[in-house]
Amino acid sequence: MKRNKLFNELNRLSFLEKNKTVTSFLHIGNRLLEWYRNNARDLPFRQTKDPYKIWICEIVFQQTRINQGLNHYNNFIKRFPDVKTLAEAEENEVLLHWKGLGYYSRAINIHKAARQIMNDYQGIFPVEYEEILKLKGVGKYTAAAISSICFGGKIPAVDGNFYRVLSRLFADDFDISNAKAFAYFSELATLVMPDNVGDFNQAMMDLGSEICKPKNPLCGECPVHEDCLAFSLQKISAYPVKTKKVKAEDLSLTYYFVHRNGEFLIRQRKDDFIWKKLFEFPSFLPETMKTFITGSKIISHKLTHKNLSIEIFNVEVTSEKIWNDFITENQYLITNFEASHEKSFPKPLENYIQNSLKD
DNA sequence: AACTCGGGGGG
DNA sequence: CCCCCAGAGTT
């Protein structure tokens, strides 16, 4: 049997092996469905099965809380209502709509995938899980979500919510930072999963975010707390188990806010490292221009794996020749405060530009 | 299999 | 200060 094979492979005594008399947990999934029918969050992508909209919302909300991404999702759909519109747009405009949302490769990949759908699938969103999986930026979770919600696919959309809910339900100490966690909890999910997988997947998301929260879960309001082993053991806070910790490293950046008559210089980043293809200020200034520096400001900014210290020098260029030479030699772009709204900047630079207007 | 990619919010 | 979030791509 596939399940036992997986557990043996992992050399681990599962909850199921300790409780061989229990053969099915389907009633849990059914109770979640009933709860979902009465308690589903009212979200703009809940009234549709349009695979385009479900796809966009799944990408937007990867590693992103609903409240943080909701405006971005609505604006994105408003500007790019369908695959064709998105595919025909410029990459920079897609990035602009991602401004401030983070993980910018999502915007680059979403644009590539739109062109994939136009070129490889004649503009028709692929129906099969294996085909959906081929789209740039679409992994196993997102493919399962789209497949189940839009096309009746029977695949659990295992994400952080699944890890948390299932590990608590079964008081399962499988390490979610283990590379096999996805396979393991996918298998566990199938034991609970009813026939309506699309609603089940969304029910698990809502339960995870509204009830079975990482901290201070509302077990008293949980529709399945009577089936929850961690709850009955009063060990909720012990799950999920996660051993791997990533430490943030320190990183210093230097920028020069080079401006003259209300215009300032920018350039576009590469698609590697941080802030892929976002715009930034020059990070180098020749000796001859350093006499134009009038001051500097240090900004602290935290990323998930980096503590940034960004020093931004204010450079007010009073010589038109030096200004023009600097631009042509380095191929910088010229913008101003108004036009800069049309480009996507890293958050700390976006804030700097906003503040520079007040001065 | 491990590492990397943002920004925001909560305790 | 640390943790987490509707994960995926790269090495």
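Residue numbers start from 1 in every chain, and the chains themselves are labelled A, B, ... in the order their sequence lines are given, proteins ahead of strands.
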Q: I'd like the C1' distance from dG6(B) over to dC3(C), given in whole Å.
A: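 Those two atoms are separated by 15 Å.
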Q: Identify each donor-acceptor pair in which a side-chain atom of residues 335-342 of chain A lies under 3.5 Å from a protein atom, sequence neighbours left out, and give them as a table.
A:
residue, atom, partner, partner atom, Å
T335(A), OG1, S340(A), N, 3.3
N336(A), OD1, E338(A), N, 3.0
N336(A), OD1, A339(A), N, 2.7
S340(A), OG, N336(A), O, 3.4
S340(A), OG, F337(A), O, 2.7

Q: Determine, using ring centers only, whether F257(A) and F264(A) are less than 6.0 Å apart.
A: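 Yes - the distance between ring centres of F264(A) and F257(A) falls below the 6.0 Å cut-off.
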Q: Inspect the contact between E287(A) and K290(A) and indicate whether a charged nitrogen and a carboxylate oxygen are less than 4.0 angstrom apart.
A: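 Result for this pair is yes, salt bridge flagged.
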Q: Closest-nucleotide mapping onto DNA chain B: is N216(A) or V246(A) further toward the 5' terminus? I mean the 5' end.
A: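 Result of the comparison: V246(A).
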Q: Is the shortest side-chain N/O distance from W98(A) to OP1 or OP2 of dG7(B) below 4.0 Å?
A: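 Answer is no, no contact under 4.0 Å.
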Q: To the closest 0.5 Å, what do you measure between CD (E350(A)) and CG (N355(A))?
A: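 Taking CD in E350(A) and CG in N355(A), the distance rounds to 10.5 Å.
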Q: So if I apply the ring-ring contact (aromatic ring centres under 6.0 Å, His included) rule between F174(A) and each of Y184(A), F162(A), Y239(A), which one comes out positive?
A: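 Between F174(A) and the candidates, ring-ring contact (aromatic ring centres under 6.0 Å, His included) is satisfied uniquely by Y184(A).
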Q: Residues of residues 61-70 of chain A with any non-hydrogen atom less than 4.0 angstrom from an atom of DNA chain C: list those, numerically ordered, please.
A: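 Per residue number, the list reads F61(A), Q62(A), Q63(A), R65(A).
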Q: Looking at dG7(B), I'd like to know if its phosphate oxygens (OP1 or OP2) sit under 4.0 Å from a side-chain N or O belonging to Y104(A).
A: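 Yes, within the criterion.
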Q: Using the side-chain heavy atoms of D206(A), tell me which of these nucleotides is nearest: dC5(C), dA6(C), dT4(B).
A: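 Ranking dC5(C), dA6(C), dT4(B) by closest atom to the D206(A) side chain puts dA6(C) first.
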Q: Whole angstrom is fine here: how far is it from CD in E58(A) over to P in dA6(C)?
A: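 My rounded result for the distance is 11 Å.
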Q: Does K306(A) place a side-chain N or O at less than 4.0 Å from the phosphate oxygens OP1/OP2 of dC5(B)?
A: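 Answer yes for this pair, as a side-chain N or O of K306(A) is under 4.0 Å from OP1 or OP2.
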Q: Using a 4.0 Å heavy-atom cut-off, does F162(A) contact any base of the nucleic acid, only the sugar-phosphate backbone, or nothing at all?
A: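 Since no nucleic acid heavy atom lies under 4.0 Å of F162(A), the category is nothing.
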Q: Taking side chain as C-beta onward, heavy atoms only, is H259(A) less than 4.5 Å from N314(A)?
A: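 Yes - at least one pair of side-chain heavy atoms lies under 4.5 Å apart.
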Q: May I have the distance from D175(A) (atom CG) to dA2(B) (atom P), rounded to whole angstrom?
A: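 To the nearest whole Å, that distance equals 10 Å.
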Q: Determine the contact category for R46(A): base if any of its heavy atoms lies under 4.0 Å from a base atom, sugar-phosphate if only primed atoms, P, OP1 or OP2 are that close, otherwise nothing.
A: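 Base contact.
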Q: N109(A) near the nucleic acid: base, sugar-phosphate alone, or nothing, with a heavy-atom cut-off under 4.0 Å?
A: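 Answer is sugar-phosphate: N109(A) comes under 4.0 Å of backbone atoms only.
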Q: Which pairs would a plain distance check flag for residues 55-70 of chain A, meaning a side-chain donor or acceptor within less than 3.5 Å of a matching protein atom at least two apart in sequence or in another chain?
A:
residue, atom, partner, partner atom, Å
E58(A), OE1, Y141(A), OH, 2.7
Q62(A), NE2, T142(A), OG1, 3.0
T64(A), OG1, V60(A), O, 3.4
T64(A), OG1, Q62(A), O, 2.8
T64(A), OG1, R106(A), NH1, 3.2

Q: Any side-chain N or O of K276(A) below 4.0 angstrom from OP1/OP2 of dG6(B)?
A: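 Result: no.
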Q: OP1, OP2 of dG7(B) versus side-chain N and O of H301(A): anything below 4.0 Å?
A: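 H301(A) to dG7(B) OP1/OP2: side-chain N or O found under 4.0 Å.
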Q: Which sits closer to the 5' end of DNA chain B, L278(A) or E249(A), going by the nucleotide each is nearest to?
A: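 By nearest-heavy-atom nucleotide position, the 5'-most residue is E249(A).
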Q: Whole angstrom is fine here: how far is it from NZ in K99(A) over to C1' in dG7(B)?
A: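 Spelled out: NZ on K99(A) to C1' on dG7(B) is 15 Å.
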Q: Hey, can you tell me if Y163(A) and F185(A) have their rings parallel, tilted or perpendicular (30° and 60° cut-offs)?
A: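 Rings of Y163(A) and F185(A): tilted, 30 to 60°.
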Q: How long is the line joining CZ of R164(A) and P of dC4(C), in whole Å?
A: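 Spelled out: CZ on R164(A) to P on dC4(C) is 9 Å.
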Q: What is the separation between atom CG on D272(A) and atom P on dG6(B), rounded to the nearest whole Å?
A: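 Those two atoms, CG and P, are 11 Å apart.
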Q: Whole-Å distance between dA8(C) C1' and Y103(A) OH?
A: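 Going from Y103(A) (OH) to dA8(C) (C1'), I get 10 Å.
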Q: Shortest non-hydrogen contact from I132(A) to A143(A)?
A: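 Shortest heavy-atom separation between I132(A) and A143(A) comes out as CG2-CA, 3.8 Å.
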Q: Tell me which one of L253(A), I312(A), N351(A) satisfies side-chain contact (heavy atoms from CB on, under 4.5 Å) with I299(A).
A: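 Checked L253(A), I312(A), N351(A) against I299(A); only one passes side-chain contact (heavy atoms from CB on, under 4.5 Å): I312(A).
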Q: Could you pull out every donor-acceptor pair under 3.5 Å between side chains of residues 203-215 of chain A and any protein atom, sequence neighbours left out?
A:
residue, atom, partner, partner atom, Å
D206(A), OD1, R41(A), NE, 2.9
D206(A), OD1, R41(A), NH2, 2.7
D206(A), OD1, R46(A), NH2, 2.9
D206(A), OD2, R41(A), N, 2.9
D206(A), OD2, R46(A), NH1, 3.1
S209(A), OG, R41(A), NH1, 3.0
S209(A), OG, R41(A), NH2, 3.4
S209(A), OG, M205(A), O, 3.4
S209(A), OG, D206(A), O, 3.4

Q: Residues from residues 129-150 of chain A sitting under 4.0 Å of DNA chain C, heavy atoms only?
A: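 Contacts with DNA chain C under 4.0 Å: K136(A), G137(A), V138(A), G139(A), K140(A), Y141(A), T142(A).
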Q: For the residue pair L278(A) and P346(A), what are the closest heavy atoms and their distance?
A: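 Here L278(A) and P346(A) meet closest at CD2-N, 3.6 Å.
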Q: Grab the CD-C1' distance between Q202(A) and dA6(C) for me, whole Å please.
A: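 Rounding to the nearest Å, CD of Q202(A) and C1' of dA6(C) are 10 Å apart.
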Q: Taking atom CG of N39(A) as the centre, does the number of heavy atoms from other residues, nucleotides or ligands within less than 6.0 Å exceed 12?
A: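 More than 12 within 6.0 Å, yes.
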Q: Can you check the N351(A) CG to dG6(B) C1' distance for me, whole Å?
A: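 It works out to 13 Å between those atoms.
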Q: For the side chain of K242(A), starting at C-beta, report the closest nucleotide among dC4(C), dG8(B), dA6(C).
A: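 The closest nucleotide is dC4(C).
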Q: Say we look at dC5(B) and dC4(C): how far apart would their C1' atoms be, to the nearest angstrom?
A: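 Nearest-Å result for dC5(B) against dC4(C) at atom C1': 16 Å.
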Q: With sugar-phosphate meaning primed atoms plus P, OP1 and OP2, does L101(A) contact a base, only sugar-phosphate, or nothing at under 4.0 Å between heavy atoms?
A: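 Since a base atom lies under 4.0 Å of L101(A), the category is base.
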Q: Where the side chain of A179(A) is concerned, which of dG6(B), dA6(C), dA1(B) is the nearest nucleotide?
A: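 Ranking dG6(B), dA6(C), dA1(B) by closest atom to the A179(A) side chain puts dA1(B) first.
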Q: Does G100(A) reach a base, just sugar-phosphate, or nothing at all? Heavy atoms under 4.0 Å.
A: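 Here G100(A) touches the backbone only, sparing every base.
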Q: In which stems does DNA chain B show up, taking only runs of three or more Watson-Crick or G-U wobble pairs whose two distances fall under 3.5 Å?
A: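 If one scans DNA chain B for consecutive Watson-Crick or G-U pairs, the stems found are B:1-5 with C:7-11, B:7-11 with C:1-5.
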Q: Taking the six-membered ring for Trp, are the ring centroids of F313(A) and Y256(A) within less than 6.0 Å of each other?
A: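 Between F313(A) and Y256(A), the centre distance is under 6.0 Å.
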